[in-house]
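Just so it is clear, the model here is predicted, and its values are computed rather than measured. First listed ligand is number 1; within each ligand, the first listed atom is number 1.
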Amino acid sequence: MKIFVDTAKLGEIKEAFSWGIVDGVTTNPSLIRKAVEEERKVKGKVDLEVYVGEICKAAGKGRPVSLEVLSQKASKMVEEAQTLYRRFNPIVGNVLIKIPINTYTGQEATDYEGLKAINELSRKRIPTNTTLVMTPEQALLAAKAGAAYVSPFAGRVDDYIRKNLGIDFKKNDYFDFELMREISKARLGDYLKNPTAKEIPSLYLDEKIKKAISIGKDKGITSGVDLVRKIVNIFRKYNIKTKVIAASMRNPQQVREVAETGCDIATIPFEVIREMLKHTKTEEGVKKFYADAVQAKYEELLKS
Ligand code: E4P
């Protein structure tokens, strides 16, 4: 699995690349806003074009850098994509244009505009990364339209499920969907005590049972990881070449679980990559080895 760093902060991008484990960068307007606000505090003024150019330089030739469009209509999105591509692709050679799968915001009917833009850009050979993917159906349609990449937002799906359940959580908390499944099964147990064949039709239509089964699910999806797994499975079954980027990663355990799905890439925030390195026993071991090395006068061994 490749790792992209999910940030627009130049310092984080440079640092993460220096670790030798990062294969690309993803940005979005919110990440750019955060980075630029921070940069403005230090430098006073930021030229956004120069700044994004610096991100591309930091990624280095050939590494994918995702940049997102702004508009909701296909024609405008295509124009913006072409501008971004013309400006930044010469620097990095692998700009991916992020297009939302559906740009409907509750006003104009723009549901299909994302697909149209993806399709047109793919015909113009501008690679796209479909963003804000929350269901396998959306991912499938994006792939059919010609998306080079799809980004299922695992963390936001977990947020949505937990919020609907009224569960209290912090942004980076792991969502234990196995526990959710056990709770759901236990709830079901109350209703399904050895039903007779005659009872089955009415049980099938029983609202309480439906509710117990759908507990902790969003349109049949049990978690963000489940969303990624289902997309990977569908794409593998039909030999679909569109790459899957597990996005909206919140914690190391979630990264491990998306890695187990066989997805192509996980785009991970800088802090989460750091968290992936941590373990109390590693820390404890380093301290102990150091103390023992000092006692053993180890530095004599290391003199050049
Ligand atoms: C990356 O492509 C996404 O824009 C990003 O992972 C979203 O993460 P968030 O849900 O934590 O904002």
- Item | Test log, rule salt bridge (Lys or Arg N to Asp or Glu O under 4.0 Å), inputs E120 and R123 | CA-CA 5 Å; E120 202 171 324; R123 281 196 261 126; over 6 Å; no
- Heavy-atom nearest neighbour in the protein, as seen from atom 5 (C) of ligand 1, with distance rounded to 0.1 Å: D6 OD2, 3.1 Å
- Note on the structure: atom 7 (C) of ligand 1 sits nearest the protein heavy atom F153 CE2, 3.7 Å
- Task: Given side-chain hydrogen bond (donor to acceptor under 3.5 Å, both in side chains), test T7 with E12 step by step and report yes or no.
- Result: CA-CA 7 Å; T7 181; E12 290 186 351; 2.8 Å; yes
- Message: Quick test: of every protein heavy atom, which one is nearest to atom 11 (O) of ligand 1, and how far off is it to 0.1 Å?
- Response: R250 NH2, 3.2 Å
- Flag the pair R40 and E37 as a salt bridge only when some basic side-chain nitrogen lies within less than 4.0 angstrom of an acidic carboxylate oxygen. no
- Query: If you count the atoms of ligand 1 from 1 in the order shown, which ones are under 4.0 Å from a heavy atom of K171?
  - Reply: 11 (O)
- Item | SB check K41 E38 (cutoff 4.0 Å) | no
- Item | Min N/O separation T131 to ligand 1 under 3.5 Å | no
- Message: If you measure every N or O of S248 against every N or O of ligand 1, does any of those distances drop under 3.5 Å?
- Response: yes
- ligand 1 to N28, heavy atom cutoff 4.0 Å, flagged ligand atoms 3 (C), 4 (O), 5 (C), 7 (C)
- Verdict with supporting geometry, T130 and Y149, side-chain contact (heavy atoms from CB on, under 4.5 Å): CA-CA 6 Å; T130 311; Y149 295 77; over 6 Å; no
- Once you round to the nearest 0.5 Å, how far does OG of S184 lie from NZ of K217? 6.0 Å
- Item | Over 12 non-hydrogen atoms of neighbours within 6.0 angstrom of NZ in K287 | no
- Of all the atoms in ligand 1, which lie at a distance below 4.0 Å from a heavy atom belonging to K98? 1 (C), 2 (O), 3 (C), 4 (O)
- Note on the structure: Within 4.0 Å of some non-hydrogen atom of R156, the atoms of ligand 1 are 7 (C), 9 (P), 10 (O), 12 (O)
